[in-house]
Structure formats: C-alpha cells, structure tokens
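For reference, the structure is listed below as structure tokens.
When reading the values below, keep in mind they use all heavy atoms of this one structure, side chains included, and skip hydrogens, waters and symmetry mates. Please read all numbers here as calculations on a predicted model, not as lab measurements.
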Amino acid sequence: MASLTDGDGSSLCLWRRQSLTVVLVWALFNAAHALPKLHTHLTGFGCHSASKSIFANEQPSATSTDAPLWVQQTPQGLIFQDDNETISVTMDSSSGDWRVESCKQKKRKHLTPIEGIYGVYKVPSGTLWVLITSSDLTYQNEYTQIRRVRGLELALIPNTQQQLSQRLVKEQARQIRLLRQALRHHIFYFTRGTGTDVTHTLQHSILWKQQHANDKPLLPDSRFFWNEPCTRSMVQNSGDADTLLSRHIIPVTSAFVGVQANITFANDSPYSYDEVLISRRSRFRAGTRFTKRGADGTGAVANYVETEQVCWLYHKQHVQQVSSHVQTRGSIPLRWSSPTDIKTYRPRVRIGTDPLAQARAVQTHLLGEFARYGAIGSPTKYPQLVFINLIDKKQDQGRLGRSFDSVLQAVLEVLSNSTLSVGEQHKFPPEIVKHVWFDFHAEVKHGNWARLGSLLNDVKATLDEQGYFCAVPDSKEGWKVMRTQRGVIRTNCMDCLDRTNVVQSIFGRYMLFQQLNNVRNDKKRILPVENGKAFRQNSLAIPWSSGEVSHRLLWADNADAISRLYAGTPALKGDFTRTGKRTKKGALDDGMNSLQRYYLNNFLDADRQEGMDLLTGYADFSIDESVDPDVLRNTA
C-alpha cells in the first residue's frame, strides 16, 4: 500500500488510469449491447443470408394457416396473395419503378405466411421491400389488441437494366446495413382488428368513431406513423385504396408499451385494473441525442413523445370502464443545438440568433399542441398547455431557459392580439399557457427528493382542471363517454429523458389515483376511505403496495426504452423511479451509463442518425454517380 502514496504519486496515477481503462472497456462493451434488437433478414439476388430468410422454409408452420397475407419470392420479384386476389410485383426496367400485375392463385404450400407489409424503399439497384413476418401479443381484451413486431424481412427486387459502379454498390450495401440497424434498434407496435389505433390516443379514437361512424375512417396520426413515408408509393402506384397492397399495409409506431395486469386494491375486492403505458415517439425530427436538438422550421422538436397512461378497470373480470391521461415531452422548441465535443461530456449549447426563426418555431409548436390537446374558445380560463421546464437555472442551461421564456412571452403577447381560426374564430387568451421553471437538480440537491412534492402541489389544480378521459361500455354506441381531457402537461429537461421521466411518473401517479378514486358503485367509492386519506398525506406513493410497485416498474421501463433510442443507454436516475429512493448501486449505474453515452454520442451516433434518416424517409438512397459518397457524408 505504501507505493500508492509514494513521492510523486506515479503509482497512484497508474493505478487510477488502469482502473479507468477497465471501467471504460466495460462501459463500451455494454454500449455495444445496450440497444434493443429486432430480427431482420435481407434476401434478394446477390444476397447470402437466404438460409436465415423466411423464404428458405419449404413448408409454413401449422399455426400460420390463418395468416392474413402470403408471399413467394421469384426470380422476377414477389408474389402476394390473400383470400381475395393474387398479384405479382416486378421491376419495370423502362421506368425504373415497380409495377403490379394480377396473376393466378397459388397453392398455399408454395407460399410463406406473413403478418403484413411495412413498406418499400427505392434503392439505386431496384426496390427494397420490408415485410412484417411475425409479431407477439402485448395486450388484449375485448376492446383492444396491441401487438409488437418481432420479425422483419427485407427483400430486394433488382432492376436488371440498372448497372451500378463498384463504388455505388458498396455505398448501397452500407446504407442498407444502416437501415437494417435502425430497424433492429426500434421496437414497433400496431393494432389489428379493433376500433382503436395505436397511433392515436384512446380519447381521439373513440370520439372519432362516435362522430363519424363508418362514413370516414380514422387515418393514422402522421406523427407516429413511422412507416408512412415508405408506404406512399404503394398507394400511389396502386391508384386504389382497396388493393391487396393497400389492405395489408400495417401502420406501426416506434413506442414503448408496458403492461401491469390484474392489480387489486385488496384481497377481497371484486375490482381489479390493468395499467397500460403507451409512449409514442414522433418520427418528425427523430434522431440521436446530440445530432437532433430543439425545433425545426415546422415546429417539430427532437425526442417528442406522447405518453398515454391507460387504466382498464374490471369488475369480476369484465371491463367496467376505461380511463386515460396523456402527457407529452419534447426538446425545448427553440432553434438550438449542442454538437458533440470529444473534449467534454457536456457540449456547449448554441442558440440561434434569428429572432423571427425562434418566434416561428415556438409559435408553430405551441399552436400544434393546442390543435391536438387544447380547447381554444372554451369558457374555462385554466392553463390548457403547461410547459414544465426542468433544466438548470445557471450556465448554458440557464441561458437556454431564459431565451425560451422570453420568446414564449413575446409569442403569447402577439397571439393575444390576434384571432385564431380553430373551427370558429377565437381570441387566444395568454393565461391558458403557463411556463413553470423547476430547477430539478437544485431542488433535489443532497437527496432532497421530497421537494418533487412541491412541484406536484403547484400543478395539482391544473391537472384537476384539465381532467382525464373516461368511458364506460355501452351496448348501442360501443362506448359512453363520461368525461374528456382538455389540455396537456408538456415536460422537458435537456434530453427529455431522466429528469422528465421522474416528473411525468409523479403526475401519472396522481392522475391514476384520481381515475380510480372517482369510480362509484351504488354511489359509493370503490376505494377504501383510508386510501384517500393516505394519498392526501403523501401523493408520491399509491396507498396499496401492488399499485405502487406496478406504477414504478412501468415508468422505469418506459424511461429505459426511450433513453436507449435517443441516448443509447438505459435512463439515469432509474433507481429512484423503481424504488422511490437513490441508492449507491443506482449512482454507480448512472456513472457507467454516462460513460456509455459519451462513447456512443461521439463515435457511433453519426451512423445511427443516418440510419434513422433513411428509416423515416428524411434521407433517400438515391446517389448521383458523379458525386463521391464520402463527400456527401462529410457535407451532410
């Protein structure tokens, strides 16, 4: 031990460097395995992975005989068949696009069952078809069914008349590899055969059906319809909404869906409930932590997530009511960035200097939130849109927060003197927007996590006034709507990950209790009176232990899922969300995750971002033969 304190301390420095090296290697290893995996296979002419392909199976499994769609790969392209028709998809060498032709029905033993079609990408050598081959049931009752995509097949149909240089062949292979990685690292969900749509909130789905019946179908929400860009050509080429290809497009969303089922208040209670948490990630301005920040010119912000907490209440195994509450999160809607800097863990914040661009970004984003969640023109004067800002009030974060507050106030002043057309002409009262700046790190300093209760107390009245959605089963209409949510709480920190999730889970807990506490049976509350008293004394914990544990697990898993896709690692402060307190192990895990984030953000995020741009249609595969792909990447 003497050598650790000798003279110049060189042995101590060596020991520290070696320890840091071991920790860094461990963190990098975990970073490479941190992201979720989705099974994807690439098949087509010139591909060497056909042995892993669904097309390598000579006979379909017995459990797949009721599959909605069947497919076969031929030397010319793909054959699709359902119960109504059979078509072939091949390349048109003259136009360079794909074409559809009717063909004779095939025997099922020569076809392979699949779930549906994800979409098609146009690549330099032809078209790349993405097929959904398998899925798992995530949640189901008599009113809804949510499924998780488990397997994808990428089938390349080449244009035999297209001759590519060796350079472009390599570039196409590189881009397809990035697309496959992006598909593998996302978790996609969809609904099938129900009146609800996973891209929409329960409130919007049910109200739309009641208002439009069957005369106007509910289209997927474009923000959360992740495969929309790669399905447009399928609809355009078909020319008819009721074609085989159009019928079997499956709208999917990149999301987290967590379920805690059969939660009871007491052993002798006939009531139980399922808590389902759905976090839909927007495809607009989708990206990685330091490559996508702030807002763009359309008001879309980075890491925008709509989180819906759904409570299905059962009485003796039958649905008695469903209620839901929606919150949103997203990057501060200014034009700002913080490009990676290998010299520091926290890169400097760069705020745009064009005041008109800043005002346009804030105003467009604000009005977009109102169009979806607000009720402009209603007689109520409570805040319908509340910005909960959790960033620090000093240094770069403080500068960013002050800039946002000043731009927001200027925008509200302009809007208050104008008339908005939202169905009817309405004035915009500035009091229906509120900005709450709660310096999270300063408030909970030295482990003072109880201070989060003060934030909840400040927002309780607004949460009560905005309310939540609630409906009960109705034999005639399907659902009888009892109440609706009018307004939304929008939370952000710098990344909209760790601090944001902690605070949103607190708001979610409060609303869950209100939803259950307001349920009556013969004019009596179904919750015991002592539960109400306990919650009034401590609103940071659900009074029945099974409910508290379930709620914490859901929101902790939600934090990890969103963090993996934006930052590349599980969320920080996850121990508090899971257990209600900070632990030494949690602090150590946060340190390791921070090291992983540093490595991913500086060395891997550029490729991850390019893959996401290809996935969402923000970038395409078309490359000019006269331009060096390396030059394009360096100037993008």
| query | Taking it one step at a time, do Glu465 and Arg486 satisfy side chain to side chain contact (heavy atoms under 4.5 Å, CB included)? | reply | CA-CA 8 Å; Glu465 289 165 337; Arg486 302 176 66 139; over 6 Å; no
| task | Let me see the working for Asp498 and Cys493 under side chain to side chain contact (heavy atoms under 4.5 Å, CB included), right down to the final yes or no. | result | CA-CA 8 Å; Asp498 314 313; Cys493 50; 5.9 Å; no
| What's the verdict on side chain to side chain donor-acceptor pair (under 3.5 Å) for Tyr314 and Asn141, showing C-alpha distance, side-chain angles and the deciding distance? | CA-CA 11 Å; Tyr314 293 84; Asn141 59 29; 3.3 Å; yes
| query | So Trp336 and Gln358, side chain to side chain donor-acceptor pair (under 3.5 Å) or not? Walk me through it. | reply | CA-CA 9 Å; Trp336 66 280; Gln358 298 288 29; over 6 Å; no
| said: Please evaluate residues Val349 and Arg399 with respect to the criterion side chain to side chain contact (heavy atoms under 4.5 Å, CB included), reporting the C-alpha separation (whole Å), side-chain torsions for both, the decisive distance (0.1 Å), and the verdict. | reply: CA-CA 9 Å; Val349 172; Arg399 187 164 53 89; 4.2 Å; yes
| What do the steps show when you test Glu369 against Leu366 for side chain to side chain contact (heavy atoms under 4.5 Å, CB included), and what is the final call? | CA-CA 5 Å; Glu369 293 289 277; Leu366 183 151; 5.9 Å; no
| request: With ring-ring contact (aromatic ring centres under 6.0 Å, His included) as the test, would you mind laying out the steps for Phe188 and Tyr118 before giving the verdict? | output: CA-CA 10 Å; Phe188 296 112; Tyr118 179 94; 5.7 Å; yes
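Checked by atom type and distance alone, the side chain of Asp296 pairs as donor or acceptor with a backbone atom of Gly299 at under 3.5 Å. Although no hydrogens or angles enter the test, the distance criterion places no donor-acceptor pair under 3.5 Å between the side chain of Trp226 and the main chain of Ser222. Side-chain N or O atoms of His435 include none that pairs as donor or acceptor with a backbone N or O of Ile388 at under 3.5 Å. A donor-acceptor contact shorter than 3.5 Å is absent between the side chain of Arg283 and the backbone of Asn227. Remark: side-chain polar atoms of Gln145 are not paired, donor with acceptor, to backbone N or O of Thr191 under 3.5 angstrom. Using modelled atom types, one side-chain atom of Ser454 and one backbone atom of Arg451 make a donor-acceptor pair closer than 3.5 Å. Within the 3.5 Å criterion, the main-chain N or O of Leu497 finds no donor-acceptor partner in the side chain of Arg499. In this structure a side-chain-to-backbone donor-acceptor pair under 3.5 Å is missing from Gln363 to Val411. Between the side chain of Gln203 and the backbone N or O of Gln485 there is at least one donor-acceptor pair closer than 3.5 Å. Of the possible donor and acceptor atoms, one in the side chain of Gln210 sits under 3.5 Å from a partner among the backbone N and O of Trp479.
Using a 4.0 Å cut-off between charged nitrogen and carboxylate oxygen, Asp136 and Arg148 do not count as a salt-bridge pair. Ion pair Asp221/Arg223 flagged as a salt bridge, since at least one NZ, NE, NH1 or NH2 atom sits closer than 4.0 Å to an Asp/Glu carboxylate oxygen. A salt bridge is absent between Arg372 and Glu306: the closest approach of a Lys/Arg side-chain nitrogen to an acidic carboxylate oxygen does not fall below 4.0 angstrom. Using a 4.0 Å cut-off between charged side-chain N and carboxylate O, Arg402 and Asp405 make no salt bridge.
Rounding to the nearest 0.5 Å gives a distance of 10.0 Å between CD of Glu431 and CD of Gln384. Note that the CD1 atom of Ile391 and the NZ atom of Lys394 stand 13.0 Å from one another [nearest 0.5 Å]. One finds the CG atom of Leu540 at 8.0 Å from the CZ atom of Phe535 (value rounded to the nearest 0.5 Å). Taking OH of Tyr382 as the reference point, atom CG of Leu463 lies at 11.5 Å (rounded to 0.5 Å). Of the inter-residue distances, the one linking Leu183 atom CG with His186 atom NE2 reads 8.5 Å to the nearest 0.5 angstrom. A distance of 5.5 Å separates CG in Leu218 from CG in Asp197, rounded to the nearest 0.5 Å.
Scanning both residues, Gln320 and Val519, for their nearest heavy atoms gives NE2-CG1, 4.0 Å. When all heavy atoms of Leu452 and Val503 are compared, the closest pair comes out as CD2-CG2, 4.5 Å. Across all non-hydrogen atoms, the minimal contact from Leu385 to Arg490 is CD1-CB, 4.3 Å. In this structure, Ala300 and Arg285 approach most closely via the heavy-atom pair O-CD, 3.4 Å. Pro347 and Ser338 get closest at one heavy-atom pair: CB-O, 3.9 Å. Between Phe225 and Pro220, the shortest heavy-atom distance links the atoms CD2-CB, 3.7 Å.
Residue-environment remark: CZ (Phe284) exceeds the threshold of 12 foreign heavy atoms within 6.0 Å. In Gln317, the CD atom is not crowded: 12 or fewer heavy atoms of neighbouring residues, nucleotides or ligands sit closer than 6.0 Å. For Lys393, the NZ atom is densely surrounded, since the number of other residues' heavy atoms within 6.0 Å is greater than 12. Heavy atoms of other residues, nucleotides or ligands lying less than 6.0 angstrom from NZ of Lys460 number more than 12.
Counting heavy atoms from C-beta outward, Ile250 and Arg192 have side chains that approach closer than 4.5 Å. Looking at Thr491 and Asn389, their side chains never come closer than 4.5 Å, going by heavy atoms from C-beta outward. A 4.5 Å side-chain heavy-atom check between Tyr271 and Thr264 finds every atom pair outside the cut-off. You'll find the side chain of Ser324 stays beyond 4.5 Å of the side chain of Thr201, heavy atoms only. Using a 4.5 Å heavy-atom cutoff, the side chains of Phe438 and Glu443 are in contact. A 4.5 Å side-chain heavy-atom check between Thr484 and Tyr468 finds every atom pair outside the cut-off. Side-chain contact between Ile263 and Glu275 is present, with at least one heavy-atom pair separated by less than 4.5 Å. Thr328 has its side chain out of reach of Thr307: every pair of non-hydrogen atoms, C-beta onward, lies at least 4.5 Å apart.
Counted by atom type alone, Tyr139 and Asp274 present one or more donor-acceptor pairs between their side chains at under 3.5 Å. Side-chain N/O atoms of Asp495 and Asn303 include no donor and acceptor closer than 3.5 Å. A donor and an acceptor atom, one from each side chain of Asn558 and Ser279, are located under 3.5 Å apart.
Aromatic rings from Phe387 and Phe404 are positioned such that their centres are separated by under 6.0 Å. A distance of 6.0 Å or more separates the ring centres of Trp208 and His200.
Checking Arg281, His365, Arg329 one by one against Tyr304, the side-chain contact (heavy atoms from CB on, under 4.5 Å) holds for a single residue, His365.
Both the sub-6.0 Å distance and the 45° axial angle are not jointly satisfied by Lys209 relative to the ring of Tyr143.
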